[in-house]
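Some notes on the structure that comes next.
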Amino acid sequence: QAQLVESGGGLVQAGGSLRLSCAASGLTFTNYAMGWFRQAPGKEREFVATINVRGGSTYYANSVKGRFTISRDNAKNTVYLQMNSLKPEDTAVYYCAAAPAMSIVVNANPYKYWGQGTQVTVSS
């Protein structure tokens, strides 16, 4: 059974950095595009970033472009989200997800597997 497990969340001051990791198991990692989504209290889940199977193509939400970087290590079945220059509005539960596709996937619907989420809190 496929499983995605996020880690690396926590409490950080505005302007700080965090690196989220998502370890995948039970699936052929190189058959899946990966994505990060987030959901803040009282808000709908929103797209953050996505990466294709080879790692050569990425796409970001405008709100995080230039501050966040998504990457993957296919040898370790892991996807990362490096978050720099964090803002209080980045506070949310962050989820990684896997979509059975070779290229980047922005829409949430194609994602087949989801992690349990990791809390990121940015204080002002």
Side-chain angles (χ1 to χ4, degrees):
Q1 185 174 353
Q3 188 175 18
L4 302 177
V5 179
E6 301 99 334
S7 61
L11 174 64
V12 64
Q13 289 188 332
S17 299
L18 283 174
R19 188 195 196 200
L20 305 183
S21 299
C22 172
S25 61
L27 54 81
T28 303
F29 191 64
T30 50
N31 287 347
Y32 289 83
M34 299 299 294
W36 286 95
F37 293 77
R38 67 186 182 186
Q39 187 167 20
K43 295 187 177 181
E44 293 188 353
R45 180 181 58 193
E46 65 174 356
F47 165 80
V48 175
T50 179
I51 188 167
N52 70 340
V53 294
R54 292 185 180 275
S57 180
T58 59
Y59 188 81
Y60 299 91
N62 287 336
S63 58
V64 306
K65 198 173 298 182
R67 300 187 298 123
F68 291 11
T69 302
I70 187 172
S71 62
R72 64 190 293 162
D73 185 336
N74 288 341
K76 296 183 178 179
N77 287 2
T78 301
V79 62
Y80 304 97
L81 186 68
Q82 178 67 44
M83 306 185 295
N84 298 329
S85 302
L86 283 161
K87 305 175 182 180
E89 51 263 43
D90 294 318
T91 295
V93 177
Y94 283 71
Y95 300 90
C96 72
M102 295 292 108
S103 59
I104 57 174
V105 179
V106 177
N107 193 293
N109 289 340
Y111 284 90
K112 185 175 181 180
Y113 301 111
W114 293 80
Q116 82 289 347
T118 186
Q119 176 71 46
V120 171
T121 303
V122 185
S123 63
S124 57

Where at least one partner belongs to residues 58-83, residue pairs that pass salt bridge (charged side-chain N to carboxylate O under 4.0 Å, His left out), sequence neighbours excluded: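 Of all non-adjacent pairs touching residues 58-83, those that pass salt bridge (charged side-chain N to carboxylate O under 4.0 Å, His left out) are Arg67-Asp90.
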Quick one, [X] and [Y] - any side-chain contact, counting heavy atoms below 4.5 Å?
X	Y	value
Tyr59	Phe47	yes
Val79	Ile70	yes
Val53	Asn31	no
Gln119	Leu11	no

Pairs in or reaching into residues 77-124: which pass disulfide bond (SG atoms under 2.5 Å apart), with residues at least two apart or in two chains?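 Residue pairs with at least one partner in residues 77-124: Cys22-Cys96.
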Determine whether a donor-acceptor pair (N or O, by modelled atom type, separation under 3.5 Å) exists between the side chain of [X] and the backbone of [Y].
X	Y	value
Gln39	Val93	no
Thr91	Val122	yes
Asn84	Ser17	no
Gln3	Gly26	no
Tyr111	Val105	yes

Taking all atoms of both residues into account, what is the closest heavy-atom pair of [X] and [Y], and its distance?
X	Y	answer
Val106	Thr50	CG2-CG2, 4.4 Å
Met83	Leu20	CE-CG, 3.7 Å
Ala92	Ala40	CB-N, 3.8 Å
Leu86	Val12	CD1-CG1, 3.6 Å
Pro100	Tyr32	N-CD2, 3.5 Å
Gly115	Glu6	CA-OE2, 3.2 Å

In chain order, what residues pass the ring pair (Phe, Tyr, Trp, His ring centres under 6.0 Å) check against Phe29, with sequence neighbours excluded?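 Testing Phe29 for ring pair (Phe, Tyr, Trp, His ring centres under 6.0 Å), a comparison that skips the adjacent residues, returns none.
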Atom pair [atom1]/[atom2] of [X] and [Y] - distance to nearest 0.5 Å:
X	Y	atom1	atom2	answer
Ile104	Met34	CD1	CE	14.5 Å
Thr69	Arg19	OG1	CZ	10.5 Å
Trp36	Tyr95	CH2	OH	12.0 Å
Lys87	Ser124	NZ	OG	14.0 Å

My understanding is that only residues two or more places apart in sequence, or in another chain, count here; which of them pass side-chain hydrogen bond (donor to acceptor under 3.5 Å, both in side chains) with Tyr80?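 Here no residue qualifies.
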Excluding sequence neighbours, so at least two apart, what forms side-chain hydrogen bond (donor to acceptor under 3.5 Å, both in side chains) with Tyr94?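 Here the qualifying residues are Arg38.
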Under the rule for side-chain contact (heavy atoms from CB on, under 4.5 Å), what residues qualify as partners of Ser103, not counting sequence neighbours?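 side-chain contact (heavy atoms from CB on, under 4.5 Å) list for Ser103, sorted by chain: empty.
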Are Phe37 and Trp114, when compared by the centres of their aromatic rings, separated by less than 6.0 Å?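 Judged by ring-centre distance (under 6.0 Å), Phe37 and Trp114 do meet the cut-off.
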Test Leu81 against Phe68 for side-chain contact (heavy atoms from CB on, under 4.5 Å), laying out the working first. CA-CA 7 Å; Leu81 186 68; Phe68 291 11; 4.1 Å; yes
